[in-house]
Each structure stands twice: as structure tokens, then as C-alpha cells.
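The block underneath contains the structure these notes are about, expressed in C-alpha cells.
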2 protein chains.
Amino acid sequence: MPKKVDPQERRTRIADALMRVAAERGLEAVSLRHVAAEAGVSAGMVQHYFRTKDEMMVFALDVVRERGQVRVSRAVAELGENPEPRALLRTVISAILPRDEESRGDAKVGLAFLAYTAVRPEAAESLRKDVEEMIRYVQTLVPVPGGAEGLLAMMEGLGLYVIGGYYSLDQALKVLDAHLDLLFNAGP
Amino acid sequence: MPKKVDPQERRTRIADALMRVAAERGLEAVSLRHVAAEAGVSAGMVQHYFRTKDEMMVFALDVVRERGQVRVSRAVAELGENPEPRALLRTVISAILPRDEESRGDAKVGLAFLAYTAVRPEAAESLRKDVEEMIRYVQTLVPVPGGAEGLLAMMEGLGLYVIGGYYSLDQALKVLDAHLDLLFNAGP
DNA sequence: GGGTTGGCAATACGACTGCAATGCCATGAA
DNA sequence: TTCATGGCATTGCAGTCGTATTGCCAACCC
């Protein structure tokens with residue numbers, strides 16, 4: 001067995017290229033050849049690591065999700081032990097909102113994938129699991145009934161608006177804080 | 001000058017077909033030939049009314065926006081004169097959320113266009129105007145500072161979740177009502 | 001050091017794309 | 001009736017797509 005490489009590394013390398021293409025030119029510009037060119041490899045190699053385009057897409061989607069989770073975990077870790085629910089929520093949500101160029105790109109790609117899965121429900125499962133998990137998690141932190149779902153919805157919407165350039169990140173955070181005020185003053 | 005037809009009617013007819021294709025199979029399945037087939041006309045005719053594909057897309061986007069505005073206007077009209085701000089907001093927002101199959105399709109297409117314009121800022125202008133107008137309008141109705149932006153963001157997020165199938169429309173409306181409770185009890 | 005095998009490149013193929021060019025045909029003006 | 005013209009259909013073209021196939025090449029085992 002000759003030439004050993006790390007397939008996982010190759011795959012994420014390719015997926016990274018995919019995400020750059022998707023963030024800059026949209027998901028519909030994602031083709032084997034474009035991704036290969038962006039990754040600086042041959043189209044044949046892309047095919048070697050992803051037997052089909054859909055396989056590549058699903059993998060890339062997973063990478064986006066994972067990077068998001070890492071961002072959240074890191075932000076939460078910086079918060080120390082036993083943080084207040086409100087501070088925790090703010091940290092989690094502001095870690096999810098598009099902050100720098102990387103997370104902005106990820107958000108764009110995520111949006112594109114959302115539209116993608118809105119029509120291919122079979123590819124939506126991993127997204128679905130994430131969202132439901134998130135809802136349950138936030139529900140344990142929000143003191144107002146029905147408030148968790150609303151807060152998450154608002155988060156998504158704020159993300160949309162930030163991507164679209166309607167709000168800056170600062171404005172979005174102000175709106176978020178105002179809403180947290182509402183939630184945590186109406187509580188006990 | 002022979003055979004007079006109504007070009008506007010033809011164009012909206014084609015745009016309708018475009019939207020059916022996009023709602024069922026995604027925006028990337030929108031091609032001149034598919035749209036033509038769906039509309040039951042020849043591909044040449046589509047080309048005759050839209051010199052380029054982008055022209056067709058932009059037109060279709062406008063149709064989606066317009067249909068949304070009509071839905072809102074109708075719902076508001078049914079409300080009678082001088083409605084309470086809260087009732088007005090609830091009516092407007094629940095008219096925007098995906099309700100029946102038509103508005104659900106429109107929402108899917110809108111989502112796809114959002115991803116589309118996230119990468120083609122030049123096509124986003126009409127969307128942008130709509131959003132900003134909406135923000136200003138809602139600001140006149142919400143008694144809490146920063147509450148309008150949050151409410152709209154929440155609306156967008158709820159729309160996403162309903163499209164994605166995470167929430168039913170009823171659940172989304174419950175969440176909306178809970179949030180309106182918060183807003184209008186915290187106010188004066 | 002020959003043979004085997006994993007890693008990758010190159011090519012070919014059929015389907016599909018957006019778009020331009022061309023042609024037919026019915027109509028209304030002359 | 002003739003003919004110019006707007007409305008539309010057809011066809012062709014150059015390019016890109018995803019995928020299957022094939023072949024080369026370097027590396028390891030024996």
C-alpha cells in the first residue's frame with residue numbers, strides 16, 4: 001500500500017475551497033471544476049475524494065455546522081464556569097451571528113444551503129437535528145414560555161439582516177440586547 | 001402592425017411558471033427551457049419577452065414582492081379603520097408568514113432569491129428598499145425602542161422555521177403572540 | 001527488483017445551459 | 001391583394017456540467 005495521505009485532511013481542504021466558491025459566487029457556481037481550481041488541485045482528485053457532487057455538498061454542509069459549533073464552544077469557554085443564563089445566551093447568539101469575514105462567509109453558505117435543503121428535504125436532516133437541539137438548549141435558559149423559540153427566530157432573522165447588509169453587527173447586537181432585556185425583566 | 005398581445009400578461013405568466021419551478025425544484029433548476037415547459041410555451045417565446053435570463057429573474061423577484069404586498073394589503077383592509085397597533089402588527093406579520101401552499105412557495109422562492117442576492121448585490125436593490133420601508137413602518141407601531149427591528153428579525157426567522165418545517169404556522173403564531181405580549185406590556 | 005496497489009490526472013461522453021440567428025406565419029395597413 | 005411587420009418557433013453554437021473510464025506513477029511488500 002503506497003503513498004499514504006490523510007483523506008480527512010484532503011476532504012476538508014476541498015470543502016474549504018467549496019465554501020470559498022460558494023461564499024463568493026453562490027452555491028450555483030459550485031462545480032467540481034471550480035472547486036478543484038479554487039483548491040488548487042485537479043478535478044480528478046475532487047472526484048477521487050467525493051464520488052458524487054452531492055456527497056461533497058453534504059460534507060461541506062457538515063463542515064459549516066461544525067465550524068459554527070466550534071465558534072460557539074470557544075465563546076462559551078471564555079465565559080468561565082456557571083455563567084448567568086442571560087450572559088450565556090448573549091454569548092452563544094453573538095457567536096453565531098456573522099462577525100468576521102470567515103463567519104460571514106459561513107453564514108452566506110449556510111443561507112444558500114438552507115435554500116438548497118428547502119427543496120431537497122432528504123439532505124436537511126443534519127440541519128434539522130442541530131436546530132432542534134438548539135431549541136431545547138435555549139429553552140432551558142429562557143425564563144419566558146415561548147421565549148426560546150422567539151429568541152432563536154430573532155437570531156436567524158438578525159443573521160439574515162446582517163448578511164444582507166441591512167444591519168451592522170453592532171446594530172444587531174443592540175437589538176438582541178433589547179430583546180434580552182425584555183425577556184429577563186418579564187421573568188421572575 | 002399585426003397581432004397585438006398584452007406583453008405584461010405574458011411576462012407575469014412566464015414569471016409564474018418560473019416561480020413554480022423554483023418552488024418545487026429550487027432556483028438552480030430554473031432554466032429557459034424548464035420555465036418554458038412549465039409555462040407551456042416555447043423556449044423562444046421566453047427569450048422574446050426576456051432578453052436575458054437575469055432580466056427574467058429580476059422580474060420574477062418583483063412579482064414575488066408584489067404578491068406579498070398584496071397579501072398584506074388585503075389582510076390589513078379586512079381589519080377595518082384605525083386598528084390597534086398590536087392587532088395591525090399581528091395581521092401584517094401573519095400575512096407575511098407562509099400560510100397556504102402559494103405563500104409557502106413564494107417564501108421558498110424568496111429565500112432562494114435572498115441567497116441569490118447575497119452574492120449579487122446589484123440585484124438586491126428592490127429587496128433592500130422593501131425591507132427598509134418595512135422597518136420604518138413597523139417602527140411607528142412598536143412602543144419599545146429597538147423593538148421594531150427585533151420583531152421583524154423574529155418574523156424572518158419564524159418564516160425560515162416554518163418553511164423548514166421546524167414550526168407549524170400555529171406554533172409560529174403562538175411565538176409571535178408571546179413576543180407581542182412582551183412588547184406591549186413593557187411599553188406604556 | 002518485479003509486481004501490486006493506492007493516489008491521482010486526463011480524457012471522453014452525453015446532457016444541459018444561455019444566447020443568437022433565422023425563418024415562418026398571421027395580421028393589419030396600403 | 002400585396003406587403004411589411006410583430007409574434008413566435010426552430011435550430012445551431014459554444015460552453016459547462018456531472019460522471020465514468022482509463023492510464024500513469026510513485027511507493028511499498030515480497
Side-chain angles (χ1 to χ4, degrees), chain A residues 1-22 24-61 109 112-113 115-117 119-120 122-123, chain B residues 1-22 24-61 109 112-113 115-117 119-120 122-123:
Chain A
M1 288 151 190
K3 244 203 267 195
K4 52 172 189 181
V5 295
D6 180 1
Q8 194 63 17
E9 183 271 339
R10 298 281 203 215
R11 289 165 76 96
T12 58
R13 186 173 147 78
I14 293 172
D16 278 353
L18 188 159
M19 263 135 42
R20 285 197 300 274
V21 172
E24 282 167 26
R25 293 190 279 159
L27 247 195
E28 51 189 24
V30 169
S31 76
L32 296 186
R33 290 162 175 84
H34 284 161
V35 171
E38 174 72 33
V41 301
S42 82
M45 179 166 152
V46 175
Q47 265 193 111
H48 185 248
Y49 285 104
F50 299 102
R51 293 206 313 239
T52 169
K53 186 189 173 182
D54 265 325
E55 201 179 306
M56 180 174 69
M57 299 288 249
V58 170
F59 184 85
L61 175 55
V109 177
F113 268 118
Y116 184 79
T117 57
V119 157
R120 278 166 212 77
E122 76 278 5
Chain B
M1 288 154 195
K3 247 204 264 194
K4 54 171 185 180
V5 294
D6 179 2
Q8 194 65 14
E9 184 271 339
R10 297 282 203 215
R11 290 166 75 95
T12 59
R13 185 173 147 79
I14 292 172
D16 278 352
L18 188 159
M19 262 134 44
R20 284 197 300 274
V21 172
E24 282 167 27
R25 294 191 279 158
L27 206 57
E28 50 188 24
V30 169
S31 75
L32 297 185
R33 290 163 176 83
H34 284 161
V35 171
E38 174 73 32
V41 302
S42 82
M45 179 168 153
V46 175
Q47 262 193 111
H48 185 248
Y49 285 104
F50 299 102
R51 291 206 316 240
T52 170
K53 187 190 172 180
D54 266 326
E55 200 179 308
M56 180 174 69
M57 299 287 250
V58 170
F59 184 85
L61 175 53
V109 177
F113 269 119
Y116 183 80
T117 57
V119 158
R120 279 166 210 76
E122 75 279 4

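Predicted model only: the values in this text are computed from it and were never measured. Computation of the quantities below employed the complete heavy-atom set of this structure, encompassing side-chain atoms and omitting hydrogens, waters and symmetry-equivalent molecules. In what follows, chains are A, B, ... by sequence order, proteins preceding strands, each numbered from 1.
Atoms CD1 (A:I14) and P (C:dG7) sit 13 Å apart, rounded to a whole Å. Regarding B:F50, its CZ atom lies at a distance of 15 Å from the P atom of D:dG7, rounded to whole Å. Distance, A:R25 CZ to D:dT16 P: 11 Å, rounded to whole Å. The distance between atom CZ of A:R33 and atom P of D:dA20, rounded to the nearest whole Å, is 13 Å. The separation between B:M57 atom CE and C:dT17 atom P is 13 Å, rounded to whole Å. As a whole-Å value, the separation of A:E9 CD from C:dC8 C1' is 15 Å. Atom-to-atom, CG of A:L27 to P of D:dC17 comes out at 14 Å; the value is rounded to the nearest Å. Atom pair A:M56:CE and D:dG18:C1' shows a separation of 10 Å (rounding to whole Å applied).
Contacts of A:V35 with the nucleic acid, taken as non-hydrogen atoms under 4.0 Å apart, are absent.
One finds a salt bridge joining A:R120 and B:E28 here, because a Lys/Arg side-chain nitrogen approaches an Asp/Glu carboxylate oxygen to under 4.0 Å.
If you check C:dC19, D:dC17, D:dC8 against the side chain of A:H34, the one that comes closest is D:dC17. Of the candidates D:dC8, C:dG18, C:dA12, C:dG18 carries the atom nearest the B:K53 side chain, counting heavy atoms from C-beta on. Of the candidates C:dG7, D:dT19, C:dG18, C:dG18 carries the atom nearest the B:L32 side chain, counting heavy atoms from C-beta on.
An OP1 or OP2 oxygen of C:dG18 is reached within less than 4.0 angstrom by no side-chain nitrogen or oxygen of B:R51. The phosphate of D:dT16 has neither OP1 nor OP2 within less than 4.0 Å of any side-chain N or O from A:S31.
Applying the ring pair (Phe, Tyr, Trp, His ring centres under 6.0 Å) criterion to A:Y49, with sequence neighbours excluded, gives no partner residue.
In terms of heavy atoms, B:M57 sits closest to B:V30 at SD-CG1, 4.2 Å. Closest approach of A:I14 and A:M56 over heavy atoms only: CG2-SD, 4.2 Å.
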Enumerate, atom names and distances included, each donor-acceptor pair closer than 3.5 Å involving a side-chain atom of residues 39-47 of chain A, sequence neighbours excluded.
unit_1 : atom_1 : unit_2 : atom_2 : d
A:S42  : OG     : A:G44  : N      : 3.3
A:S42  : OG     : A:M45  : N      : 3.1

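Here CD of A:E38 is found 11.5 Å from OG of A:S31. Values are rounded to the nearest 0.5 Å.
Counting heavy-atom neighbours within 6.0 Å of B:R20 CZ, excluding the residue itself, gives a total above 12.
Within residues 38-48 of chain B, the residues that place at least one heavy atom under 4.0 Å from DNA chain C are, in residue-number order, B:Q47.
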